[in-house]
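Here's the structure, in structure tokens; my notes come after.
The figures that follow rest on heavy atoms only: side chains count, while hydrogens, waters and symmetry mates do not. Along the sequence shown, residues carry numbers from 1.
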Amino acid sequence: MSPTSELQAELESASGAYEEFASRGLKLDITRGKPASAQLDLAADLLTAVTPDDVMTPSGVDTRNYGGLDGIVELRELFSPLLKIPSNQLLAGGNASLTLMAQALTFALMHGTVGDSRPWGQGPHKLICPVPGYDRHFTLAESLGFELLSIPMDSQGPVVAEAQRLAEDETVKGMWLVPMYSNPTGITITEERAKELAAMPAAAPDFTLLWDNAYGLHHLRDEHPEVLDILDICTKAGHPERPWIFASTSKITHAGAGVSFFGAGPETSDWIRSNLAKISIGPDKVNQLRHLRFFSTPEGVEEHMRQHAKIIAPKFDAVLDTLERELGGTDLAQWTHPDGGYFITLTTLEGTADRIVKLAAEAGVKLTPAGATHPYGLDPHNNVIRIAPTMPTVEDVELAAQGLVACVKLASYEKLLAG
């Protein structure tokens with residue numbers, strides 16, 4: 001049989017498998033990294049942790065009243081060792097760390113930073129974006145007028161040579177980073193790579209690492225990397241104010257009622273306080289007290305995350321097992337094997353991602369749009385697909401993976417036959 005005939009036979013087989021799957025009339029969604037209901041149930045006691053007659057913090061603060069811009073001190077002390085941020089340089093805020101990112105960037109655009117008092121918004125302003133990356137980072141920055149500059153990732157993190165080349169431009173103000181279990185690849189930056197970024201020369205005197213540690217505590221396996229002390233690394237490299245660290249409990253407790261965190265060097269911590277004081281009288285301290293009582297200790301947080309892993313690790317395994325069984329050894333796709341976080345990245349044949357997403361939607365499997373993992377929604381190779389397996393049941397995740405495989409095969413053989 002000629003190579004063309006073999007491809008034609010594969011295409012006919014793939015088309016039949018796709019039609020069979022589509023005929024089931026399923027409605028499955030693996031678009032966004034949302035916790036499943038069973039994960040949210042783990043924090044059910046959070047809702048009763050504060051009662052009307054018991055609203056005081058251990059240090060005697062009435063959480064119902066104004067004030068406490070930094071957040072309650074006991075909660076900051078609890079998360080300080082987990083995030084590797086001194087409690088006096090750590091602020092606890094409202095539900096969304098994305099809001100803290102927007103506020104910090106807006107303050108820099110309007111007022112400048114501790115490293116340069118010139119407002120970023122007075123001239124061109126650009127951010128480096130390792131790809132594949134987090135779509136909400138890109139959308140936020142674009143909405144604030146930043147030009148987004150893509151650089152590649154490798155197995156150790158962002159490629160520093162590319163970042164350094166771009167940072168020679170003074171209008172490049174910083175770089176996005178998800179240092180642990182990166183969205184969507186699951187890559188964890190190595191300590192050596194972090195040291196390189198901390199020491200990297202930059203034309204902008206206030207070049208900033210937007211260090212979004214969204215998944216630093218979200219381990220899938222018992223053996224896992226530790227959170228890097230990026231503040232200490234940057235201080236030793238001579239850039240103590242370079243990192244702005246973001247985190248939250250949104251995927252730890254209740255996604256709609258968590259606590260966000262901002263950490264930075266001493267001067268930047270004072271800078272963010274000064275700017276926040278003009279727009280806020282303080283965060284939701286009642287919710288922070290709930291979290292303090294629910295967890296009690298750092299070890300309480302770690303045990304809670306082990307319960308999360310018991311729920312979601314089988315979902316990751318279901319996807320990975322299906323991909324290996326159906327696509328392993330075919331050269332049609334590659335995929336990541338994350339040890340934590342919320343995503344698996346599927347890399348397909350060049351030029352097929354949008355076709356796969358379209359086929360999947362028509363067959364009842366909703367995927368993140370092709371290109372979402374890149375600035376402006378434009379993946380130049382059109383071959384990256386983000387898989388979010390956490391929210392559906394294990395059974396539905398496995399079905400979704402089977403449907404995705406059918407779409408990958410059909411789109412791939414169409415592409416190969418078309419030349």
Side-chain angles (χ1 to χ4, degrees), residues 10-42 132 135 181 183-186 218 220-221 251 255 308-330 332-349 352-370 372-373 383-415:
E10 294 284 10
L11 176 60
E12 290 175 3
S13 175
S15 180
Y18 173 78
E19 292 299 333
E20 188 281 325
F21 183 86
S23 69
R24 302 183 195 181
L26 301 173
K27 291 185 178 180
L28 305 169
D29 188 337
I30 50 174
T31 55
R32 301 221 66 91
K34 295 181 179 180
S37 294
Q39 292 175 262
L40 301 176
D41 289 343
L42 293 174
D135 54 339
Y181 310 131
N183 178 351
T185 62
H218 294 73
L220 291 173
R221 319 296 174 198
K251 289 184 173 69
H308 275 281
K310 290 178 182 179
I311 295 171
I312 66 175
K315 301 179 183 183
F316 278 80
D317 292 340
V319 174
L320 295 171
D321 290 347
T322 301
L323 293 176
E324 182 59 38
R325 183 176 63 251
E326 300 295 335
L327 295 174
T330 65
L332 300 182
Q334 297 176 319
W335 49 92
T336 56
H337 295 78
D339 291 321
Y342 262 59
F343 305 100
I344 297 167
T345 294
L346 181 69
T347 304
T348 64
L349 296 183
T352 61
D354 57 353
R355 173 65 172 157
I356 291 167
V357 171
K358 183 175 184 294
L359 286 169
E362 292 171 352
V365 179
K366 190 175 180 181
L367 296 168
T368 303
T373 55
N383 69 342
V384 176
I385 295 172
R386 185 180 76 179
I387 303 171
T390 54
M391 190 174 183
T393 64
V394 174
E395 294 75 19
D396 281 352
V397 165
E398 189 167 3
L399 282 173
Q402 292 170 5
L404 175 58
V405 164
C407 299
V408 169
K409 289 183 176 180
L410 180 54
S412 298
Y413 289 122
E414 288 175 344
K415 178 72 173 178

Original post:
Would L220 and I312 count as a side chain to side chain contact (heavy atoms under 4.5 Å, CB included) if you check the C-alpha gap in whole Å, the side-chain angles of each, and the deciding distance to 0.1 Å?
Top reply: CA-CA 8 Å; L220 291 173; I312 66 175; 3.6 Å; yes
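- With sequence neighbours excluded, the residues forming a ring-ring contact (aromatic ring centres under 6.0 Å, His included) with Y342 are H218, listed by chain and number.
- Residues forming a side-chain contact (heavy atoms from CB on, under 4.5 Å) with T345 (at least two apart in sequence, or on another chain): P184, T185, T336, T347, V384.
- A donor-acceptor pair is defined here as one N or O able to donate and one able to accept, closer than 3.5 Å; such a pair exists between the side chain of T330 and the backbone of L327.
- A search for ring-ring contact (aromatic ring centres under 6.0 Å, His included) contacts involving F316 returns nothing, not counting sequence neighbours.
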Using residues 27-35 as the side-chain source, report each donor-acceptor pair under 3.5 Å to any protein atom, sequence neighbours left out, with the distance given to one decimal.
{"unit_1": "D29", "atom_1": "OD1", "unit_2": "T31", "atom_2": "N", "d": "2.9"}
{"unit_1": "D29", "atom_1": "OD1", "unit_2": "T31", "atom_2": "OG1", "d": "2.6"}
{"unit_1": "R32", "atom_1": "NH1", "unit_2": "D135", "atom_2": "OD2", "d": "3.1"}
{"unit_1": "R32", "atom_1": "NH2", "unit_2": "D135", "atom_2": "OD1", "d": "3.1"}
{"unit_1": "R32", "atom_1": "NH2", "unit_2": "D135", "atom_2": "OD2", "d": "3.4"}

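- Listed here is the closest heavy atom pair of L26 and F21: CD1-CZ, 3.9 Å.
- T352 places no side-chain N or O within donor-acceptor distance of the main-chain N or O of T348, the cut-off being under 3.5 Å.
- Sorted by first then second residue, the side-chain hydrogen bond (donor to acceptor under 3.5 Å, both in side chains) pairs that include residues 396-412, not counting sequence neighbours, are E326-K409.
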Taking only distance into account, with no hydrogens and no angle test, what donor-acceptor pairs under 3.5 Å do side-chain atoms of residues 354-361 form with protein atoms, sequence neighbours excluded?
{"unit_1": "D354", "atom_1": "OD1", "unit_2": "N382", "atom_2": "ND2", "d": "2.9"}
{"unit_1": "D354", "atom_1": "OD2", "unit_2": "N382", "atom_2": "ND2", "d": "3.4"}
{"unit_1": "R355", "atom_1": "NE", "unit_2": "E414", "atom_2": "OE1", "d": "3.0"}
{"unit_1": "R355", "atom_1": "NH2", "unit_2": "E414", "atom_2": "OE2", "d": "3.0"}
{"unit_1": "K358", "atom_1": "NZ", "unit_2": "E362", "atom_2": "OE2", "d": "2.6"}

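- With a 6.0 Å radius and a threshold of 12 heavy atoms from other residues, nucleotides or ligands, Q334 has its CD atom at or below the threshold.
- Side-chain contact check for E12 versus Y413: every heavy-atom pair is 4.5 Å or farther apart.
- The shortest non-hydrogen separation linking P314 to A309 is CD-O, 4.0 Å.
- For the pair F343/I387, no side-chain contact is recorded, criterion being any heavy-atom separation below 4.5 Å from C-beta on.
- Counting heavy atoms from C-beta outward, V319 and L323 have side chains that approach closer than 4.5 Å.
- Atom CD1 of I344 and atom NE2 of H337 lie 8.5 Å apart (nearest 0.5 Å).
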